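The model shown is predicted, which means the values in this text are computed figures rather than measured ones. Computation of the quantities below employed the complete heavy-atom set of this structure, encompassing side-chain atoms and omitting hydrogens, waters and symmetry-equivalent molecules. This chain uses plain numbering: 1 for the first residue, then up along the sequence.
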Amino acid sequence: MAVNKKREVLGLELLSATNLETDLSAGTKTEDRQSTFNRASAIRDIEAVTSYVTEHKDLDTAVSDLVTALTELEADPAVLDALKHRQLVEAGLPLVISTACPLCDLEWPDVTSLRQHLNDKLTRSETAAKLQERIQTAAGKVAGQLRGVRSLIQAAQPHAVTTGQSALQASLLDWSNDLAAFEAKLATIDSIRDESERLTNDPLDTPSPINDGLKALRATIEALPDQTSTEAARAFLTVAQDRWTQLRQARAKATKATAARKAANAVYEKYNSVADAALTTLYKTVEADFSNFYRQINSDDESSFKAGLSATAGKLDLEVDFYGLGMFPPMAYHSEGHQDGMGVCLYLALIRQLLKSDFRLAVLDDVVTSVDANHRRQFCKLLKDVFPDVQFIMTTHDEVWARQMQSSGLIARRSLARFHGWTVDGGPFYGQGGDFWTQIDADLASDDVPGAAHKLRRNLESSLADVAASIQGQVVFRADNNYDLSSFFSAVKGRHGDLLKKATASANSWNNDAAKQKVETLKDERAKAMLAQDGENWAINALVHNNDWATMTKADFIPVVEACKQFLELFTCSNGACGGWIYVLGIPGKEEELRCSCGDFNVNLRKK
């Protein structure tokens with residue numbers, strides 16, 4: 001109806017109906033039509049600029065508030081200093097991660113004291129903060145007024161171009177750019193202070209030609225002919241046609257988008273359905289393995305552990321039991337170490353199911369960093385017992401974990417490679433190809449007896465620490481964790497003797513002649529090893545430390561090495577495929593067996 005009214009004004013044929021191809025502006029274009037414009041609208045644009053220049057109460061109020069706050073700031077330099085310090089402290093406080101101050105590098109007793117000191121400084125500078133907030137709030141209001149002025153200027157500029165007043169157009173553009181630059185300087189306290197003179201005198205700083213130019217522009221526009229009702233109708237139909245075209249295009253795009261959305265949803269839902277079905281089947285097949293693996297690692301405290309794996313929109317939802325209290329996500333209650341253990345168990349269960357017999361190689365990099373030390377040995381047992389045909393490449397920075405892998409028999413001593421550094425040109429430096437006995441033999445071959453003694457003592461301390469842990473030897477606790485070789489020797493010797501006594505009592509209670517003979521053989525080997533080791537042990541300390549009197553040749557030191565080797569063999573499985581330390585099953589006072597991982601060494605400790 002509105003379109004036909006405008007067409008009637010132009011004397012055009014009325015439209016009885018519309019369709020996708022209807023041209024609402026058909027017949028409106030004429031060859032002799034002159035360009036016209038809306039005079040009233042142009043006058044309003046010019047009047048808006050003129051009125052604002054004449055009276056701008058909101059700008060004056062905002063400027064007054066800002067100047068008052070700046071005056072207070074300049075009147076009290078201490079406030080300014082506090083303000084600068086506050087900004088510095090606010091920037092430095094999040095950086096406090098150690099006892100060294102990030103602002104001055106001075107050391108503090110602790111992080112808490114340093115944080116408290118900085119927070120106290122922030123509290124003392126609260127007055128400066130309130131003044132800063134007043135300045136920034138007032139500056140924001142001034143900036144808002146300046147943006148409003150620039151929008152008025154931009155609306156008036158085209159009329160200067162239309163009437164050929166290029167000088168005025170250039171002045172308006174320069175003025176707008178000046179206001180934009182002034183607005184940008186109201187962002188920080190320092191730049192606001194630099195503009196205090198302009199704020200006090202004339203924030204607008206209106207160029208002198210502007211007022212007269214705007215008056216002349218208005219007079220020129222008022223003298224031009226206004227847009228007639230015919231032109232208004234023609235303009236209406238042109239705009240209507242343009243919007244009708246946009247509407248038709250939007251509808252077409254909406255139709256295509258709706259079809260595309262339906263197709264995409266169908267594909268997405270199908271994908272999720274197929275993926276969820278496949279993943280659900282996979283997860284259910286690995287659920288039991290995952291739970292079994294985790295129970296084996298944590299047999300001491302979570303022997304009844306169970307897990308639930310389900311697929312949702314192509315992703316895994318994992319819930320695990322927490323001591324029989326319910327099923328929860330792992331991050332809800334389990335520690336970081338337990339979560340790391342779950343991650344490794346889930347990986348092993350998944351890769352075993354996916355690759356089946358093709359699962360022959362895996363690289364595990366520091367996978368037990370957060371796992372409790374008493375659970376790591378069970379992890380070694382899991383890899384050794386469940387994945388005997390898989391080649392594992394293990395990397396770690398943890399010396400204890402490296403020794404546990406050896407002592408448990410997971411890796412042979414000859415399989416250990418120790419990296420000592422690297423260079424861009426030469427690559428990594430590492431030692432490999434034999435156990436520490438081979439390294440000691442190499443030193444002796446080059447007559448480096450002190451080097452061999454150093455390696456022997458260092459590795460004896462490492463090995464005896466593992467042996468003490470395996471057979472539950474009692475080492476006197478030291479708060480600094482600084483245990484010497486003699487402490488380990490005493491603990492291992494005493495515990496080994498006690499275990500052999502228990503083995504004798506067990507064999508007698510069962511009246512097992514074979515067991516009796518085996519224990520007697522072990523006692524004879526122990527006696528020989530103890531005698532040799534006690535006689536040669538003095539030489540290790542003498543050669544490691546600087547003693548001018550302690551000079552030994554290779555021939556003198558070889559019996560020392562052999563005595564230590566014979567002593568450690570008391571606690572080592574003789575099966576070359578195993579080579580692990582022997583260990584005790586059961587708790588002190590209720591020991592059950594003294595055995596190795598492969599079972600080749602097995603001595604009963606239980607009485608009848």
Side-chain angles (χ1 to χ4, degrees), residues 396 398-421 428-471 473 483-493 496 525-526 528-582 596:
T396 183
D398 192 331
E399 291 279 353
V400 175
W401 168 231
R403 292 201 305 268
Q404 284 179 329
M405 286 190 284
Q406 288 188 50
S407 63
S408 66
L410 178 61
I411 63 172
R413 290 183 175 86
R414 291 182 176 84
S415 299
L416 177 68
R418 187 179 298 274
F419 291 84
H420 306 288
F429 301 111
Y430 64 95
Q432 187 182 16
D435 56 17
F436 67 85
W437 300 116
T438 304
Q439 298 171 11
I440 291 172
D441 290 342
D443 284 344
L444 293 177
S446 58
D447 290 326
D448 184 8
V449 176
H454 176 77
K455 288 183 176 63
L456 180 59
R457 179 185 176 91
R458 179 178 177 182
N459 286 285
L460 278 176
E461 289 178 345
S462 174
S463 298
L464 289 177
D466 287 337
V467 173
S470 298
I471 66 174
Y483 300 99
D484 57 21
L485 184 59
S486 61
S487 299
F488 290 127
F489 263 130
S490 298
V492 169
K493 288 178 180 179
H496 187 241
E525 293 175 353
R526 168 186 165 83
K528 294 177 183 178
M530 292 294 179
L531 182 63
Q533 192 274 326
D534 288 340
E536 303 292 350
N537 192 40
W538 66 271
I540 301 175
N541 290 333
L543 288 173
V544 169
H545 301 293
N546 183 24
N547 294 298
D548 294 336
W549 56 270
T551 56
M552 297 183 69
T553 65
K554 177 175 68 174
D556 295 327
F557 193 67
I558 287 177
V560 179
V561 175
E562 291 300 323
C564 292
K565 184 184 297 186
Q566 186 178 358
F567 179 77
L568 289 182
E569 286 176 351
L570 293 175
F571 310 95
T572 307
C573 174
S574 60
N575 182 0
C578 177
W581 300 122
I582 61 175
C596 68

Separation between CG (Leu570) and NZ (Lys493), nearest 0.5 Å, reads 10.5 Å

Heavy atoms only: give me the nearest Val560-Leu456 pair and the separation to one decimal.
-> CG1-CD2, 4.1 Å

Here the gap from Glu562 atom CD to Phe557 atom CZ, rounded to the nearest 0.5 Å, amounts to 11.0 Å

Between Trp581 and Leu568 the two heavy atoms that sit nearest each other are CZ3-O, 4.0 Å

Of all heavy-atom pairs linking Ala529 and Phe567, the shortest is CB-CA, 4.0 Å

Go through the steps to decide whether Leu460 and Cys564 satisfy the test side chain to side chain contact (heavy atoms under 4.5 Å, CB included), and finish with yes or no.
-> CA-CA 8 Å; Leu460 278 176; Cys564 292; 3.6 Å; yes

Under the side chain to side chain contact (heavy atoms under 4.5 Å, CB included) rule, collect the residues that match up with Ala468, sequence neighbours excluded.
-> Val475, Val492

Would you please name every residue forming a side chain to side chain contact (heavy atoms under 4.5 Å, CB included) with Glu569, sequence neighbours left out?
-> Lys565

Residue pairs passing the salt bridge (Lys or Arg N to Asp or Glu O under 4.0 Å) test where at least one lies in residues 440-450, sequence neighbours excluded | Asp443-Lys455

